[in-house]
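Heads up: the structure comes next, in structure tokens.
Labels below follow one simple rule: chain letters A, B, ... track the order of the sequence lines, proteins then strands, and each chain is numbered from 1. Computed from a predicted model, the values in this text were never measured in an experiment.
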Amino acid sequence: MKRYTPQEIELKWQKRWEESHAFACTHKSDKPKYYVLEMFPYPSGNLHMGHVRNYCIGDVLARAKRMQGYNVLHPIGWDAFGLPAENAAIKHNTHPASWTYSNIANMRSQMKRLGYSYDWARELATCRPEYYRWEQLFFLKFLEKGLVYRKEAPQNWCPSCHTVLANEQVVDGCCWRCNSPVEQKDLTQWFLRITAYADELLEDLELLKGGWPDRVIAMQHNWIGKSHGAEIAFPLEKPVAGQESISVFTTRPDTVFGVSFLTMAPEHPLVAEIIRGLPNEEKIQEFITSVRNMDRIERQSETLEKQGIATGAYVLHPLTGKKVPIWLGNFVIASYGTGAVMGVPSHDQRDFEFARKYDLPIVQVISQDGSLSDTASWECAYTEAGVMVNSGEFDGLDNETGKKRVVEALEAKKLGRATTQFRLRDWNISRQRYWGAPIPVVYCEHCGLVPEKEEHLPILLPLEVKTFPDGKSPLPATASFAECTCPKCGGKARRETDTMDTFVESSWYFTRYTCARDEQEAFDKEALSYWMPVDQYIGGVEHAILHLLYARFFTKALRDLGFYPENLDEPFKRLLTQGMVLLDGSKMSKSKGNIVNPEEMIDKYGADTVRLFCLFAAPPERDFDWTESGIEGASRFLQRIWRLFEDSQDVLEPVPAASSTTADATTALAKDLRCREHTTIKKAGEDMGTRCQFNTAIASIMELVNAMYLYRAKMGTDPGERKVFSSAMATVLTTLSPITPHMCEELWSMMGQEDLVSAQKWPNCDESALVRDTQTIALQVNGKLRGTMEMPTGADKAALEAAALEQEQVKKFTKDLTIQRVIVVPGKLVNVVAR
RNA sequence: GCGAAAGUGGCGGAAUUGGUAGACGCACUGGACUUAGAAUCCAGCGCCUUCGUGCGUGGGGGUUCAACUCCCCCCUUUCGCACCA
């Protein structure tokens, strides 16, 4: 008897798949296409359990879809630029490139040990010039179109990473990667104009409903943060620096008559001009400095006390002409809206608190019922809808109508207009780092900013650089790179030494897989429009706004540049956000020391067992705890199949899955097994290929295996019964093969079957096999289960009712009652209603 | 505060359209085999129990012949955003 030795078997079949290019694909096919993609990994060195789970989910789906008749694209690559490579280079005195490439080699072999069915011919790494040259081309096109621009502004600066960060990369005021508190620094940086697509990014979330988890859609919705309102100009009493007025953004123009002050952010560019020469200029300056010195976490914490200072300057109310004092406030954000707000303490809670603290007037202008009350007794602002009061000609209007009328009145005076604001900011893509894609522009002494010529691409990242003595990028000091000639005038120029954010690479890699080896163009239009969009994307929820928002933006931008088909609006049709793998209830992490090493698990149990456990432990979107007893259980199930197979060699014939017929299944025993077999084909097929509920697919196959054990014990010598058993075995191996492909290949070949089990079609469910001679009918009295009865399949309502009323259990429970109704659901139940 | 998801045995979870709640697995208990253990096989496994026309899917109401499932109110947990004007 041959023992189950996964390590031997797995190597053998991995080699067989590779040699036969079993999972290569092309876009020239008559089959319907299916593009399965898992978020590509950063080559950190080793696969962790989270990776394993992610790629197992994708692999089972890819294998199942392939068997179910789809032409499947299932590629993999490496998100290979990024800061950890530089940190590792410093630590181990090596080069980021060699560190990265050796990590890729290691992780690739770990993936191969897990038997993932990738089309390896499409593998890509974003740090290769063959990849990033196209990104540089996109940059130049973006520049032409005004989608990328340079701007000086206060930026999020991570002192530990020596680089700026995008807004999306600042989490709770700290760096998303190293968790150091982020500082603000004035810098000139490159920005991608993602805000130009704010509306479309928001609206197209509608297209994703049903395919994406609600919470991811909600998170993007909030992040984009659209609000409708008005911009209102308050004329300055004394204009400064050529500015006649200060603009504010408000969602409540209907409350404009309640303005009793105007608050500006201390960082507002006009502040310096306004306070110049005022009596308390020095005090104001002190206030500004103290706010600017506050770190971001402190400034944005909800407990921060609202503080402000009166400037002594005034604006004029745009409708009444009354003087309104200008204040500075620490709660006003310079980067949102206009950086200034109108203070309406009666109808805004923040303004209310501010007015109470600094004893500013509170004037009611909205009333629930039109009556006025004394605001001195109010405990909070009234923020609900109502009728306008104290508002001149607008009195008596409901406030929604009032919003429009006030804006119209302001427009007539050229002091306001309806507008919308987004929370979304443009994406800062400059990074003061070495290990990234160079930005293809130069700064010429004569011509200024000059884009590189397309024929000069790729602008290669130099590999010969000095090491990183102070943790900073060596590029500015690398003369061979930084010193260059101007593409326009040929004069002396300096190359841009910032590199691109690595999130730029991951914003388009999924389209490059469709033609990864094309050296002539970024995309082969035919292949691209055949494969895109991705049908199922799988990854962690931590990218809900980062990568997934950037990738959506890039898709729309490249579509509008003509790189993508016109109708490609969204890159990912369906998104599955997989849960985490926990150990003892908390996330596995190196620093905590609670790690399960995938390679050790493969050594101990084999890749098939690891795959099986990852998929059986919980539905894919939920977190699950790694347990030793759980993986033991998975191993036990595979052993159980192996033993059943070994012990049944004498009766097994190499018949196709689902090949037994009604003529073979003549006994009740055989009919039952055949029914179970086809139930599993249907259930596992839907669960694996459509619902992505792998745990229940596995449960269904376990039920079939359990049934086969019982069957074999009772099975006679009848050839029909034996055929039914062989067919069921073939079905187990076929339906389980997406999950545990190696063992299934081995048993498939031991069974004497032709070809690879991976190349088999998914067995057909014969609906007639699901129909049994009799059915169990539930018996209820007043909705409570009181028993069951066996009835011939297809028995009509009258027969079911009559039979039910004859049953002892029913009689017993209706003895002293009058039967009022009998509800019959054919094939299911009979409910006797009695009072 | 706003938004989202979730709450079912000792545990992970199942019930896809309102129709027999607890599939499948883990753990546990008893038995068989064994010198013994491991492995395996068989049986049991929601709770209460006065053994019933009992209770039971976070709690409370409702709709229905029938509710884990639909409606209303509430509680708890997790996650995301948050002085956004």
Salt bridge flag under 4.0 Å for residues A:D687 and A:K683: yes
Aromatic A:Y709 / basic A:R640 pairing, under 6.0 angstrom, 45° off normal: yes
Is any N or O donor-acceptor pair between the side chain of A:K683 and the base of B:rU16 shorter than 3.5 Å? yes
How far, in whole Å, is B:rG30 from B:rA66 if one measures between their P atoms? 44 Å
Of all residues at least two apart in sequence or in a different chain, which pass the salt bridge (charged side-chain N to carboxylate O under 4.0 Å, His left out) check with A:K357? A:E305
For B:rG44 and B:rA23, measure between their P atoms and round to the nearest Å. 13 Å
Rounded to whole Å, the CZ-P distance (A:F694 to B:rA14) equals 13 Å
Using whole Å, what does the distance between atom C1' of nucleotide B:rC81 and atom CH2 of A:W176 come to? 19 Å
If only side-chain N and O atoms of A:Q421 are considered, is one of them under 4.0 Å from the OP1 or OP2 phosphate oxygen of B:rA85? no
With a 4.0 Å cut-off on N to O distance, would you call A:K587 and A:D623 a salt bridge? no
In whole angstrom, give me the gap between the C1' atoms of B:rG10 and B:rA27. 7 Å
Answer with base, sugar-phosphate or nothing: what part of the nucleic acid does A:N695 contact at a heavy-atom distance below 4.0 Å? sugar-phosphate
How close or far is atom C1' of B:rC41 from atom CG of A:D647, stated in whole angstroms? 12 Å
Judged by each residue's nearest nucleotide on RNA chain B, which is more toward the 5′ side, A:R821 or A:T338? A:R821
Using atom P of each nucleotide, how far apart are B:rU34 and B:rU49 to the nearest Å? 40 Å
Using atom CZ of A:R640 as one end and atom C1' of B:rC24 as the other, report the distance to the nearest whole Å. 12 Å
Give the rounded distance in Å between these two atoms: CD1 of A:I701 and C1' of B:rA23. 15 Å
Whether A:R786 contacts B:rG54 is assessed here as follows: a side-chain N or O lying under 4.0 Å from the phosphate OP1 or OP2. Is that the case? yes
Select from A:V341 and A:E686 the residue whose nearest nucleotide in RNA chain B is closer to the 5' end of that strand. A:E686
Distance from A:E808 atom CD to A:M789 atom CE, nearest 0.5 Å? 13.5 Å
Does A:F354 have its ring centroid less than 6.0 Å away from the ring centroid of A:F331? yes
Just to be sure I understand the rule, does A:V833 reach a base, reach only the sugar-phosphate, or reach nothing, if contact means heavy atoms closer than 4.0 Å? sugar-phosphate
Assign A:K812 to base, sugar-phosphate, or nothing according to its heavy-atom contacts below 4.0 angstrom with the strands shown. nothing
Looking at B:rG19, B:rC79, B:rU40, which one has an atom nearest to any side-chain atom of A:V825? B:rG19
Taking only N and O in the side chain of A:R423, is any of them less than 4.0 Å away from OP1 or OP2 of B:rA82? yes
Using the P atom in both, what is the distance from B:rA15 to B:rU8, to the nearest Å? 15 Å
Within the structure shown, what part of the strands sits under 4.0 Å from A:P619 by heavy-atom distance: base, sugar-phosphate, or nothing? sugar-phosphate
Is a donor-acceptor contact shorter than 3.5 angstrom present between the side chain of A:N831 and the base of B:rC65? yes
Which nucleotide, B:rU20, B:rC24, B:rC83, lies nearest any side-chain atom of A:A699? B:rC24
Side-chain N or O of A:K784 closer than 4.0 Å to phosphate OP1/OP2 of B:rC55: yes
Taken to the nearest 0.5 Å, the spacing of A:D426 CG from A:T195 OG1 works out to 3.5 Å
Out of curiosity, A:T793 OG1 to A:Q775 CD, how far, rounded to the nearest 0.5 Å? 4.0 Å
Given B:rA14, B:rC24, B:rG12, the nucleotide with the shortest approach to the side chain of A:E703: B:rC24
Does the side chain of A:Q809 come under 3.5 Å of the side chain of A:R786 through a donor N or O and an acceptor N or O? no
Which of B:rG12, B:rC26, B:rA4 is nearest the side chain of A:A218? It is B:rA4
Given atom CD1 of A:I333 and atom C1' of B:rA85, what is their separation to the nearest angstrom? 9 Å
A:E632 and A:Y605: side chain donor to acceptor below 3.5 Å: yes
With sugar-phosphate meaning primed atoms plus P, OP1 and OP2, does A:T776 contact a base, only sugar-phosphate, or nothing at under 4.0 Å between heavy atoms? base
Report the nucleotide, chosen from B:rC24, B:rA4, B:rA14, that has the shortest atom-to-atom distance to any side-chain atom of A:M702. B:rC24
What's the gap between B:rU57 and B:rU53 when it is taken at their C1' atoms, as a whole Å value? 23 Å
Rounded distance in Å - NZ (A:K306) to P (B:rA85): 14 Å
Among the candidates B:rA85, B:rA21, B:rA4, find the nucleotide nearest to the side-chain atoms of A:F249. B:rA85
To the nearest 0.5 Å, how far apart are CG in A:L205 and CD1 in A:I217? 6.0 Å
Which residues in residues 624-634 of chain A have at least one heavy atom lying under 4.0 Å from any atom of RNA chain B? A:S629, A:G633
Please check the phosphate of B:rA23 (OP1 and OP2 only) for any side-chain N or O of A:R676 closer than 4.0 Å. no
Which nucleotide in the set B:rU40, B:rA23, B:rG19 lies at the smallest distance from any side-chain heavy atom of A:L829? B:rG19
How is the base pairing of RNA chain B summarised as a dot-bracket string, given the Watson-Crick and G-U wobble criteria with both distances under 3.5 Å, [ ] for crossing and | for another strand? (((((((..(((......[....))).(((((.......))))).(((...).))..(((((..]....))))))))))))....
Where does B:rG9 land, syn or anti, given syn is within 90° of 0? syn
Any A:R252 side-chain nitrogen or oxygen under 4.0 Å from OP1 or OP2 of B:rA85: no
Base, sugar-phosphate, or nothing for A:N706, non-hydrogen atoms under 4.0 angstrom? sugar-phosphate
For A:W223, is the NZ or CZ atom of A:R423 found under 6.0 angstrom from the centre of its six-membered ring and inside 45 degrees of the ring axis? yes
What's the closest nucleotide to the A:S227 side chain, out of B:rA85, B:rU20, B:rA4? B:rA85
Main-chain N/O of A:I366 paired with A:H347 side-chain donor or acceptor, under 3.5 Å: yes
Measuring only the P atom in each nucleotide, how far is B:rA4 from B:rC71? A whole number of Å is fine. 14 Å
For A:K815, report the nucleic acid contact type (base, sugar-phosphate, nothing); a contact means any heavy atom under 4.0 Å. nothing
Among B:rA5, B:rA85, B:rU20, the nucleotide that comes nearest once only the side chain of A:T788 is considered: B:rU20
Ring centres of A:W378 and A:F352 under 6.0 Å apart? no
For the P atoms, the ones on B:rC47 and on B:rU40, what distance do you get once it is rounded to whole angstrom? 26 Å
Atom pair distance, as rounded to whole Å: CG in A:D584 and P in B:rC11: 17 Å
Among the nucleotides B:rG19, B:rU20, B:rG3, which one has an atom lying closest to any side-chain atom of A:K828? B:rG19
